[in-house]
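A quick write-up on the structure given underneath.
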Amino acid sequence: MKTLVAAAAALLLGAAAAPPSPLLLREQAWTAPGETLAHDLTRTPRECLGQRTPDIEIGRALFRSPTLLGGPAARAGLSCHACHSNGRVNTRFLLPELTDRAGAADVTSEWASKVRGDGVTNPVNIPDLAGVSERPVLGRLRDPLLEHFVSSVIVEEFQGQPPPAQAFAGLVAYMRALNVESCPSGETPITLAGGADDVRRALAAAQAADAATASLLLLAAQDGVGWIVERLPRRAFARERRRFEVLARELGALRGAGAGTLTDALPAWRARFDAAIGTIARRERRTFFHEATLREALRH
């Protein structure tokens, strides 16, 4: 499976300053370098989600996937989650094409979109989305409607296609469900279990979605499997990587299948996925989910 790490690496190789070595993880492309890099790539803000409903689960999965965006941002593997980690602020976000300082992004970047591009580097601080539904106006254009604001970000700011109605409604529902009252403080580790749970939740949401939205959710789950593969060192986990690559291709083949096919196929797929996760969990300290292991790999 061709991972989005390769796409991100190719993207940056075409930029003015190439990275000194190939990327291990896609997130390196938009994470500020420095001594804390391994820590920053293995921690995330806690999610401010107080409830789980079918529409919120649809939105949550799509929020984490490059599926909704278009152009070079999607090819680099960017998602809403990249800037708004778990709906909060990614304070270490630093993609040269979008910002000149960590924790900010240029919403009128010509790199991301010819529609909004103004030819000026003018990044603004990335907003926290917790409590976004309570704000009277949103974004640089001070939009009073969350739905219009979200649509304009996808279509105008990042050149994405308008999402199917159910997918879009789910995304808005997820953002509305991010509330300050449900915010635990501090960071949480990025773990194998968390990545696996994201895949399972995307697939569960797909089974309850219409055909067009289910196709996007299967792509999100497929990308989630690829994200796990990125965190498995090639030599030590060669067999496991191949297993996940097969599983990812099978998800791709299910896109466009009817609800009945998904219902029949996914239980067996999940059983094999869970078994593959189990074989890695016993050695998670040797993966790039573990800060010390990642730090050592980043030195080479």
Side-chain angles (χ1 to χ4, degrees), residues 4 7 26 47 49 51-87 98 105 107-109 111-117 126-127 129 132-133 135 138-141 143-178 198-227 248 251-252 254-259 262:
L4 285 170
R26 72 180 75 173
E47 190 174 21
L49 192 62
Q51 56 181 320
R52 289 173 60 165
T53 64
D55 57 340
I56 289 172
E57 288 295 293
I58 287 172
R60 183 182 186 275
L62 296 178
F63 190 87
R64 285 161 166 68
S65 170
T67 299
L68 292 181
L69 306 184
R75 292 192 292 273
L78 282 174
S79 64
C80 302
H81 181 73
C83 287
H84 307 277
S85 303
N86 277 336
L98 286 179
V107 299
T108 56
S109 165
W111 175 82
S113 172
K114 301 301 182 184
V115 177
R116 286 194 178 180
I126 296 169
L129 297 182
V132 68
S133 64
R135 296 170 195 166
L138 300 162
R140 182 180 62 88
L141 300 179
D143 200 317
L145 296 176
L146 180 60
E147 288 83 355
H148 185 268
F149 170 73
V150 173
S151 177
S152 67
V153 169
I154 295 171
V155 177
E156 296 179 9
E157 189 174 332
F158 287 104
Q159 303 182 94
Q161 294 297 312
Q166 188 182 36
F168 182 74
L171 183 62
V172 173
Y174 172 71
M175 293 177 66
R176 289 189 185 281
L178 295 169
D198 286 343
V199 172
R200 297 186 193 105
R201 290 172 72 169
L203 293 177
Q207 289 186 268
D210 60 37
T213 301
S215 180
L216 291 181
L217 289 165
L218 285 169
L219 188 57
Q222 190 178 20
D223 180 72
V225 175
W227 180 85
L251 286 182
L254 288 173
R255 293 185 65 206
L262 287 181

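Treat the numbers as computed from the prediction; the structure is a model and nothing was measured.
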**Report entry** Heavy-atom closest pair, residues I126 and C83
**Finding:** CG2-O, 3.4 Å
Query raised in the report: Does the side chain of L178 come within less than 4.5 Å of V132's, by heavy atoms?
Result: no
Query raised in the report: Any idea which heavy atoms bring V155 and Q161 closest together, and the distance?
Result: CG2-C, 4.4 Å
Query raised in the report: Rounded to the nearest 0.5 Å, how far apart are OG of S113 and CD of E156?
Result: 7.5 Å
**Report entry** Point-to-point distance, once rounded to the nearest 0.5 Å, from CD1 of I56 to CG of L171
**Finding:** 11.5 Å
Report summary line: The side chain to side chain contact (heavy atoms under 4.5 Å, CB included) partners of A209 (sequence neighbours excluded) come to I58, Q166, T213, A214, L217
Report task. Can you measure from NE2 (H81) to CG (D198) and round to the nearest 0.5 angstrom? Result -> 7.5 Å
Query raised in the report: Can you find a side-chain donor-acceptor pair between R64 and N86 that sits under 3.5 Å?
Result: yes
Query - For the student: nearest non-hydrogen atoms of A82 and S85, plus distance - result: O-OG, 4.2 Å
Report task. Under the side chain to side chain contact (heavy atoms under 4.5 Å, CB included) rule, collect the residues that match up with S215, sequence neighbours excluded. Result -> R255
Report task. Go through the structure and list residues passing side chain to side chain contact (heavy atoms under 4.5 Å, CB included) with A211, not counting sequence neighbours. Result -> none
Report task. Just grab all the salt bridge (Lys or Arg N to Asp or Glu O under 4.0 Å) pairs involving residues 158-177, residues at least two apart or on different chains. Result -> E147-R176
Query raised in the report: A204: what forms a side chain to side chain contact (heavy atoms under 4.5 Å, CB included) with it, not counting sequence neighbours?
Result: none
Report summary line: By ring-ring contact (aromatic ring centres under 6.0 Å, His included), F63 pairs with (sequence neighbours left out) Y174
Requested in this report: Return the minimal non-hydrogen interatomic distance between P66 and S79, and the atom names on each side.
Outcome: N-CB, 3.9 Å
Report summary line: CG of L62 to CG of L68, rounded to nearest 0.5 Å, is 5.0 Å
Report task. Compare all side-chain heavy atoms of S151 with those of F168 and state whether any distance is below 4.5 angstrom. Result -> yes
Query raised in the report: Would you say E157's side chain and S152's backbone share a donor-acceptor pair under 3.5 angstrom?
Result: no
**Report entry** Point-to-point distance, once rounded to the nearest 0.5 Å, from OG1 of T67 to CG of L219
**Finding:** 4.0 Å
Report summary line: Here the gap from K114 atom NZ to S109 atom OG, rounded to the nearest 0.5 Å, amounts to 8.5 Å
Query raised in the report: Is it true that atom CD of Q207 has more than 12 heavy atoms of other residues, nucleotides or ligands lying nearer than 6.0 Å?
Result: yes
Query raised in the report: Does the side-chain contact (heavy atoms from CB on, under 4.5 Å) test come out yes or no for L203 and R200, once each step is laid out?
Result: CA-CA 5 Å; L203 293 177; R200 297 186 193 105; 5.8 Å; no
Requested in this report: Test side-chain contact (heavy atoms from CB on, under 4.5 Å) on R26 and D223 and set out the steps.
Outcome: CA-CA 12 Å; R26 72 180 75 173; D223 180 72; 3.1 Å; yes
